[in-house]
Amino acid sequence: MIIVLKPNSSDAVVSHVLERIEALGFTPHLSRGVARTIIGVIGDEEKLQAEPLLAIEGVEQVVPIMKPYKLASREFHAADSIIEVKGIRIGGGHLAMIAGPCAIEGEAILNEIAEHVRDAGANILRGGAFKPRTSPYSFQGLGEDGLKMLKAAGERFGMPVVTEVMDPRQVELVNRYADIFQIGARNMQNFDLLKEVGKTRTPVLLKRGLAATVKDLLMSAEYIMAQGNLKVILCERGVKSFEDSTRNMLDLASVPNVKGLSHLPIIVDPSHATGRPDLIPALSRAAVAAGADGVHIEVHSCPEKALSDGPQALLPKAYALLMDDLRALAELMGKTIDVVEGVTV
Ligand code: PEP
Ligand code: MN
């Protein structure tokens with residue numbers, strides 16, 4: 001940790017800061033320039049908090065050297081983590097192709113969509129049973145009935161399933177049906193929820209918050225991992241911005257950025273990032289080209305009848321065409337897309 005003192009700090013201020021650091025049990029290393037004084041502090045940064053140091057008069061800035069996230073960092077694990085769910089690998093050169101409706105709306109329509117996306121090459125089925133809707137009057141999801149339908153569809157079509165959990169009290173219930181928990185953007189910093197899924201050993205798809213930085217995202221991953229669950233898959237789904245022609249602003253830079261900082265897989269969700277089916281194919285290709293470990297796409301066979309996010313749903317035919325592109329791109333990049341059993345694409 002490096003402590004920068006305010007310009008032209010007096011000897012008394014410098015001595016006071018040095019005393020405080022020593023009182024905290026650390027060894028300060030003083031470097032006095034003409035106008036600036038800098039103090040290096042060596043020690044366990046986990047025990048040395050920046051805030052009490054910032055409160056000392058004369059201290060201008062405290063710069064941690066180690067990253068605040070540890071288990072999620074590349075330093076902790078140099079190789080890319082590969083997360084395996086029912087034979088489907090995610091990360092380290094293996095792409096997750098997650099697709100399905102925004103919400104589980106009924107058995108027949110879910111099975112229809114699941115079959116389409118599986119035949120197109122999707123290897124993980126998505127669908128929400130608990131929906132975080134902006135309006136309390138909008139469809140809130142089918143709850144446990146929906147979870148049962150999702151699990152059955154997953155078994156029927158041989159795909160692991162991912163579904164959102166919104167509340168720590170639902171973790172036990174959702175865990176009975178889901179192969180992967182989804183933590184939605186609105187809950188990325190629901191720390192009690194993160195701790196609760198961290199206590200399980202079920203993989204977690206952690207979506208970036210609407211106004212969260214990459215560091216915030218990694219800190220949330222750290223919450224899950226600190227409880228012992230290291231199976232975290234990050235998801236870039238766009239952030240709020242001034243641009244209003246798309247639902248959110250897709251931050252594709254976060255993909256190679258996260259790759260440098262963390263060993264965790266990161267996938268991209270162009271559906272929620274743009275809200276526009278006409279933009280989803282181009283951004284999916286761009287995501288894979290940027291090094292994403294997969295894409296997460298909402299597909300519906302009849303978007304006009306969808307109970308949630310219909311306008312952004314891709315039609316099954318468009319999804320199949322996109323998957324052809326993504327397979328070609330994956331091959332070009334030396335990556336693989338695991339295929340669910342019994343499907344030849
Ligand atoms: C979803 O996946 O349906 C969803 C609500 O996504 P997000 O949390 O990214 O808005
Ligand atoms: Mn949705």
Side-chain angles (χ1 to χ4, degrees), residues 96-105 109-110 113-114 117 122 124-136 138-143 146-147 150 160-167 170 174 178-190 193-194 197 203-212 214 216-217 220-221 224 232-241 246-252 254-255 266-277 279-280 283-284 287 292 294-315 319:
M97 291 297 156
I98 305 178
C102 179
I104 300 152
E105 301 162 342
I109 185 72
L110 178 63
I113 298 167
V117 298
I124 298 174
L125 177 65
R126 68 145 282 142
F130 296 100
K131 294 303 305 172
R133 304 306 298 279
T134 302
S135 165
S138 300
F139 175 62
Q140 302 285 309
L142 296 180
L147 293 175
L150 184 66
V161 296
V162 56
T163 194
E164 180 159 357
V165 57
M166 295 206 301
D167 188 301
Q170 291 167 349
V174 175
D179 298 307
I180 305 174
F181 286 118
Q182 177 170 317
I183 302 289
R186 288 153 195 82
N187 270 316
M188 190 205 80
Q189 285 186 317
N190 181 338
L193 180 59
L194 301 178
V197 295
V204 181
L205 177 64
L206 176 66
K207 290 187 130 193
R208 181 174 179 178
L210 290 87
V214 164
D216 294 335
L217 175 64
S220 290
I224 298 169
V232 180
I233 304 149
L234 305 169
C235 179
E236 167 60 53
R237 47 78 73 208
V239 289
K240 290 270 184 207
S241 86
T246 51
R247 188 172 171 183
N248 292 291
M249 184 112 98
L250 181 58
D251 176 14
L252 270 186
S254 74
V255 173
I266 176 162
I267 67 161
V268 169
D269 170 357
S271 298
H272 293 89
T274 65
R276 286 179 47 180
L279 303 183
I280 291 170
L283 291 174
S284 301
V295 289
H296 170 284
I297 296 173
E298 286 187 348
V299 176
H300 202 290
S301 42
C302 189
E304 65 184 50
K305 288 197 191 148
L307 298 177
S308 172
D309 282 350
Q312 73 188 29
L314 215 54
L315 286 164
Y319 181 71

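The shown structure was predicted, so the numbers you read here are calculated from the model rather than taken from an experiment. Along the sequence shown, residues are numbered consecutively beginning with 1. Ligands are counted one by one from 1 in listed order, and the atoms in each one are counted from 1 as well.
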### Distance from atom 8 (O) of ligand 1 to nearest protein heavy atom, with residue and atom
A185 N, 2.7 Å

Going by the atom numbers of ligand 1, which of them fall below 4.0 Å from some non-hydrogen atom of [X]?
X: C102; result: 3 (O)
X: E298; result: 1 (C), 3 (O)
X: Q182; result: 1 (C), 2 (O)
X: K131; result: 1 (C), 3 (O)
X: R186; result: 7 (P), 8 (O), 10 (O)

### Message
Tell me whether Q140 contacts the main-chain N or O of S138 through its side chain, where contact means a donor paired with an acceptor under 3.5 Å.
### Response
yes

### Query
Looking only at atom types and distance, does a side-chain atom of E105 sit under 3.5 Å from a main-chain N or O of L307, one as donor and one as acceptor?
yes

#### Entry: K207, R208, R237 screened by side chain to side chain donor-acceptor pair (under 3.5 Å) with D269, the one that passes
K207

Is [X] in polar range of ligand 1, meaning some N or O pair under 3.5 Å apart?
X: R237; value: yes
X: R126; value: yes
X: D269; value: no

### Query
Sequence neighbours excluded, which residues qualify as side chain to side chain contact (heavy atoms under 4.5 Å, CB included) partners of D216?
M188, Q189, A212, T213

#### Entry: Under-2.8 Å protein N/O/S neighbours of the Mn ion (ligand 2), ordered by chain then residue number
C102 SG, H272 NE2, E298 OE2, D309 OD2

### Task
Salt-bridge test for E298 and R126: reply yes if a basic N is under 4.0 Å from a carboxylate O, no otherwise.
yes

### Message
Could you tell me if D309 and H272 have a donor-acceptor pair between their side chains, going purely by distance under 3.5 Å?
### Response
yes

### Query
Any idea which of G128, P132, G184 brings a heavy atom closest to atom 5 (C) of ligand 1?
P132

